[in-house]
Peer 1: 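Got a structure here, written out as structure tokens. Questions coming.
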Amino acid sequence: MKKLVTLVLFLFILTSTNVVAFANSTPKIPVLLYHVVTQNPSGTYQFSLTDFKNDMAYLKKNGYTPLSLNQYYNILNGTVTAPSRPVLLTFDDSTSDFYTNVYPVLKQYNFKATQFAVTDWLDTNGHLTRAQLQMLSANGIDIANHTIKHQPLTSDWNTQYSAINNANIKLKSITNNAANSVAYPYGNYNSTTMSVLKNLGCQGGFTVSGGLSSSNSNKYELPRIIMANGDSVSVFARKLTTGY
Ligand SMILES: [Zn+2]
């Protein structure tokens with residue numbers, strides 16, 4: 001018995017030492033959020049395709065490494081060493097410009113990215129089709145969950161559970177991969193949301209709060225930085241380093 005206690009204690013110390021060692025070397029990771037990317041953007045949340053191309057060229061030129069979702073979580077969890085200047089590129093709302101405008105630029109640089117899809121919007125006017133989602137998923141784009149109808153996640157457990165779980169089921173049936181991560185529509189969520197995600201075994205939930213993520217971040221309140229219409233490359237550079 002004494003031997004067992006010693007062994008358990010030894011393993012515990014070994015594990016916690018490793019966790020601390022990795023945690024110290026975990027970088028702060030910016031998670032960028034784009035919506036519609038188009039030649040003629042209107043409103044705050046649409047983004048110019050020219051500016052987007054400049055942003056991606058900036059990442060390439062300055063040695064940034066856009067991550068897959070799994071790489072992102074593994075770095076935060078300290079199970080893999082971060083590459084040079086890690087960044088997570090995310091896109092919300094599964095609009096069709098992602099396929100026609102964004103994906104070709106990502107492909108040009110071989111950049112990984114995540115698309116948070118609203119499942120009831122698929123195959124409707126101005127949105128991605130199931131076939132496009134499938135093709136994107138097979139080509140290095142992570143497809144994740146932005147609920148079934150883009151509803152704010154502030155209601156009761158059952159409503160939130162079905163909004164998230166039904167989207168997970170539909171996305172898995174399309175891409176054959178578990179969506180596993182949720183972007184909260186409008187950035188709205190509450191303690192019920194986080195509890196639902198935990199219950200469904202989701203790896204993380206993303207807000208729109210701004211700031212950088214690190215090993216200390218709550219996995220269900222991962223901060224994202226909104227890219228807004230008219231943001232210059234210098235604003236982009238500032239957001240990458242400060243999170244705001
Ligand atoms: Zn949205």
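Whatever order the structure lists them in is the order used to number ligands and atoms, beginning at 1.
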Peer 1: Is there a side-chain contact between Tyr45 and Asn229, using heavy atoms and a 4.5 Å cut-off?
Peer 2: no
Peer 1: Quick check: does any side chain N or O of Ser217 sit under 3.5 Å from a backbone N or O of Leu222, one acting as donor and the other as acceptor?
Peer 2: no
Peer 1: Closest to the Zn ion (ligand 1), which N/O/S atom of Asp93 is it?
Peer 2: OD1
Peer 1: Report the name of the N/O/S atom of His150 located nearest to the Zn ion (ligand 1).
Peer 2: NE2
Peer 1: For the pair His127 and Trp121, name the ring-plane relationship: parallel under 30°, tilted 30 to 60°, perpendicular over 60°.
Peer 2: tilted
Peer 1: Would you say the Zn ion (ligand 1) has His146 as a near neighbour, meaning an N/O/S atom of that residue under 2.8 Å away?
Peer 2: yes
Peer 1: Indicate the ring-plane relationship of His150 and His146, choosing parallel, tilted or perpendicular according to the 30° and 60° boundaries.
Peer 2: perpendicular
